[in-house]
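Computed over heavy atoms, backbone and side chain alike; hydrogens, waters and symmetry mates excluded.
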Amino acid sequence: MKKGRNRNHLYWRINLGQDATGKTVRRQIGKDEGHARQVLAEILQRLNNGDIQGVKSAFEVYSDHEIKAALKKLRHYNTTLPQAISFFIKHHRPNKGLITLEQALQIWKKNAQQLGYSDTYIKKMLNTYAGPFVKLHSGFKLIDITYKEAENYIFKQKSSLSNYSKAQTISKLRGFFNTLAYLEYFSKELNPFEKLKLPKAKFGEAEEKNRVIPSVVIKEKLEFALSSNKPGHHELLVAMVLMSFCGVRKTEVFRLEWQHIDRSKSVWKLLIPKLQAKWGYKRTIVIPDNAKAWLEEVLKKIPNSNGRFLNSWRNGRTSTDLTEEGYSARFTRFRKAFKKHCEENGKTWEEYQQNGFRVSCASYGLQHFGLERICRMMGERRDPTFWNHYRESCEEEEAETFFSIIPTVVAESRDQTAYEQACEESNRGQAIKEGEVWIPVFDSDAEERVNFEISELW
């Protein structure tokens, strides 16, 4: 008697020798070792007694036990044995044969573009959704993945995810298995994620995270990037400015070039063409004054302002288009460098939530620009999408502060200009500052004369 394996399931089998043609004869006798040894002992005893017919009977009895056990299991599902057999034949032998989960992922990847999936969607599936699931279940056959593995993956392996992210993961993996069913490597009725309910955040169940980035954190990030001597950090500054103050999507930033910004007039405008926009329709964004100030400063440090906003730099001389993976890797390095800078200088450092720049633009922009304009800037055509995915709570005063963030060097230059103008208006050539405003200082006679003239008017 030896152990056997079928689709990662162990069973016991008996070698009965060879038949008349010389072919080895084996019989499976179940997964229970104790029961298998009882059957083996009975068979050996009958063989010793020369009872060949009895050996055959022993297997028939065993088979009868198997059938009864199967019927007992099916009784809970209100299913007959013929129905179970029909289901097995229909779904357990895919048209294109049995494959492993790793092979399934490669087949999905090979057919993804032909099925109309975008490059961004494919990358997310491979890196965030299907890829990690397959890696965790390496060695499994596609047909062996059940509801149990799906449930364990979402609620144990991914327990740290928010309910929204869990729902996204379920939805994406559900689509992954359905695509394999469409390609005839699987059956849609066996999709392990199909019956898994999408979790929803309930009131009072968990604390909701605020994804809005505070103004002081945004300013410190931009100042750090602007003061850096690394070209990659300057390009990330452009990306952060466009996402934070103009509502541009990260996927759109990759496709845009400096030529898409009209800098011919005092008011700059960003034109996002159809091919570069996510939903395929163009839009024009009036760049806010504070965003313009950051872009003007960073342009002084970027040697080539005719190409794309984001490039892959080599030795600081030549550049190529930057991929999304390259952007993520560069931003990871930037965050580490920024965190170290904050710790060394006692600055404020906070880890922002996913898509925090665009969420901040939406939340502050709703207060600052109003719903209609901020939705046009962000390219959101549906109000529910804006309210459910981007809008967070904030005060009007906070919004005013956010859209007043400018580089320190620009603020100092403007302050100096205001001081000089106030001094020119003063007959003493002096000015004092009240709040953020410089006030000209006059001599006493002039001040009394001005007060007298004002009183006469009243």
Hey, mind stepping through Q103 and Y185 against side-chain contact (heavy atoms from CB on, under 4.5 Å) and telling me if it holds?
CA-CA 10 Å; Q103 290 171 326; Y185 288 95; over 6 Å; no

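The aromatic rings of F402 and Y364 sit parallel to each other, their planes meeting at less than 30°, with 60° as the upper class boundary. Taking the six-membered ring where the residue is Trp, F309 and W258 present perpendicular rings, their angle passing 60° and hence far from 30°.
Considering all non-hydrogen atoms of both residues, D144 and E149 come closest at O-OE1, 3.7 Å. Contact between G131 and L105 at its shortest, heavy atoms only, is CA-CD2, 4.1 Å. A pairwise comparison of heavy atoms in V253 and A239 identifies CG1-CB, 4.0 Å as the closest pair.
Considering only heavy atoms from C-beta on, R308 stays 4.5 Å or farther from L256 through its side chain. The shortest side-chain heavy-atom distance between I287 and K269 does not fall under the 4.5 Å cut-off. Residues T169 and Y153 meet the side-chain proximity criterion, which asks for heavy atoms closer than 4.5 Å. Between E296 and W268 the shortest side-chain heavy-atom distance falls below 4.5 Å. Side-chain contact check for N178 versus E194: some heavy-atom pair is nearer than 4.5 Å.
One finds the OG1 atom of T146 at 12.0 Å from the CG atom of N191 (value rounded to the nearest 0.5 Å). One distance of note links NZ of K123 with OG1 of T251; it measures 11.0 Å at 0.5 Å rounding. Between S404 atom OG and D289 atom CG the span is 9.5 Å, to the nearest 0.5 Å.
A salt bridge links K219 with E223: the distance from a Lys NZ or Arg NE/NH1/NH2 to an Asp or Glu carboxylate oxygen falls below 4.0 Å. The pair R358-E380 counts as a salt bridge, with a side-chain nitrogen and a carboxylate oxygen less than 4.0 angstrom apart. With respect to E235 and R330, a salt bridge is recorded, a charged nitrogen being found less than 4.0 Å from a carboxylate O.
Residues E400 and H368 bring a donor and an acceptor atom of their side chains to less than 3.5 Å of each other. The closest side-chain donor-acceptor pair between K110 and Q106, if any, does not fall under 3.5 angstrom.
Ring centers of W108 and Y182: at least 6.0 Å apart, outside the cut-off.
Within 6.0 Å of NZ on K347 lie no more than 12 heavy atoms contributed by other residues, nucleotides or ligands.
A donor-acceptor distance shorter than 3.5 angstrom exists from the side chain of H234 to the backbone of S228, with no hydrogens or angles considered.
Partners of E151 according to the side chain to side chain donor-acceptor pair (under 3.5 Å) rule, which considers only residues two or more places apart in sequence or in another chain, do not exist here.
Residue F193 is tested with Y129, Y147, F133 for a ring-ring contact (aromatic ring centres under 6.0 Å, His included); the sole match is F133.
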